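Read the structure below first, then the notes.
Since we're looking at a predicted model, the values are computed, not measured.
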Amino acid sequence: MKEISISGQKRTDLGKKASKALRKQGMVPCNIYGEEKNEQGAPTSFAFAASFADLRKLIYTPHIYVIKITIDGVDRTAILKEIQFHPVTDAPLHVDFYEVNDQKPITIGVPVKLNGLAQGVRDGGRMNLSIRKIAVTAPYQSIPEHLDIDVTGLKLGKSIKVGDLSFEGLEIATGKSVVVCSIKATRQSIQAAAEGDAAEDAE
């Protein structure tokens, strides 16, 4: 994965009023969840704030990153867990991160990249991408920027499912029956097929 760095400052006042004041200053309230857990067994969080200018390069992108977060001089390594957006303005209201280390595998959605010109597209069909990311589990250093899928041999009316795929060093967490992509018939492909059948009959 690509690496990106942001800086933050510890939050001591966690109320709504304080969060609103932070946003007015161009800051976004954040939490980072680590290995520690509370009495109920839920992960504990560390509250901090980061500038919107820092976060926008992380939020508004299709790429995935391992994030180096420096909070009051202390470095942490994390991945993006969840973003809460304003329902009207689409501005980020809150961002959650999940701390990672070299030993423990993580599960994260990795973008799909289709490679090659499918046979079904050459025959007049239309490529339909059903999911943009596939969840995989591995140490974060082993997770690629994208998952390459060769679609050259994919024919009209056929599909590629998650269960058809494998990637070295990665455990696929998305269900095997999920369709990744398929070739849909178009008016052009149906007409071409009909003309081909008519030609065969004529022979």
Between R23 and F52, is NZ or CZ placed under 6.0 angstrom from the six-membered ring centre and within 45° of the ring axis?
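No.
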Does K81 make a cation-pi contact with Y33, if we ask for NZ or CZ under 6.0 Å from the ring centre and within 45° of the axis?
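Relative to the ring axis of Y33, which defines the angle, K81 lies inside both limits.
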Does G15 offer a backbone N or O that forms a donor-acceptor pair with the side chain of S19 under 3.5 Å?
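The answer is yes, because a donor-acceptor pair under 3.5 Å joins these two groups.
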Check whether S51 reaches the backbone of D54 with its side chain - one donor and one acceptor, N or O, closer than 3.5 Å.
yes
Can you give the donor-acceptor pairs under 3.5 Å from side chains of residues 124-132 to other protein atoms, not counting sequence neighbours?
none

Residues T107 and T137: side-chain donor-acceptor under 3.5 angstrom:
yes
Judged by modelled atom types alone, do N115 and D150 share a side-chain donor-acceptor pair under 3.5 Å?
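Note: N115 and D150 side chains miss the donor-acceptor criterion.
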With R11, which residues qualify under salt bridge (charged side-chain N to carboxylate O under 4.0 Å, His left out), at least two apart?
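R11: no salt bridge (charged side-chain N to carboxylate O under 4.0 Å, His left out) contacts found.
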Side chain proximity check, [X] to [Y], heavy atoms < 4.5 angstrom:
{"X": "V66", "Y": "E3", "answer": "yes"}
{"X": "K133", "Y": "L147", "answer": "no"}
{"X": "I183", "Y": "V121", "answer": "yes"}
{"X": "T152", "Y": "Q119", "answer": "no"}
{"X": "I160", "Y": "V151", "answer": "yes"}

Just how far is it from atom [atom1] of [X] to atom [atom2] of [Y], taken to the nearest 0.5 Å?
{"X": "K68", "Y": "D75", "atom1": "NZ", "atom2": "CG", "result": "8.0 Å"}
{"X": "I69", "Y": "S5", "atom1": "CD1", "atom2": "OG", "result": "9.5 Å"}
{"X": "I59", "Y": "I83", "atom1": "CD1", "atom2": "CD1", "result": "4.5 Å"}
{"X": "K113", "Y": "H146", "atom1": "NZ", "atom2": "NE2", "result": "4.5 Å"}
{"X": "R76", "Y": "F46", "atom1": "CZ", "atom2": "CZ", "result": "5.5 Å"}

Would you say CZ of R122 has more than 12 non-hydrogen atoms from neighbouring residues, nucleotides or ligands within 6.0 angstrom?
yes
Would one find more than 12 heavy atoms of other residues, nucleotides or ligands at under 6.0 Å from atom NZ of K20?
no
Is [Y] reachable from [X] through a run of I, L, V, M, F, W or Y residues, each pair having side-chain heavy atoms under 4.5 Å apart?
{"X": "I6", "Y": "V100", "answer": "no"}
{"X": "V28", "Y": "I32", "answer": "yes"}
{"X": "L22", "Y": "F48", "answer": "no"}

Only one of I79, L58, T77 clears side-chain contact (heavy atoms from CB on, under 4.5 Å) with F97; which?
L58
For residues 161-181, dump all side-chain donor-acceptor pairs below 3.5 Å to protein atoms at least two apart in sequence or in another chain.
| from | atom 1 | to | atom 2 | distance (Å) |
| --- | --- | --- | --- | --- |
| D164 | OD2 | K161 | N | 2.9 |
| T174 | OG1 | A135 | N | 2.8 |

Going by the angle between their ring planes, with limits at 30° and 60°, are F85 and Y60 parallel, tilted or perpendicular?
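Plane angle between 30° and 60°, so tilted.
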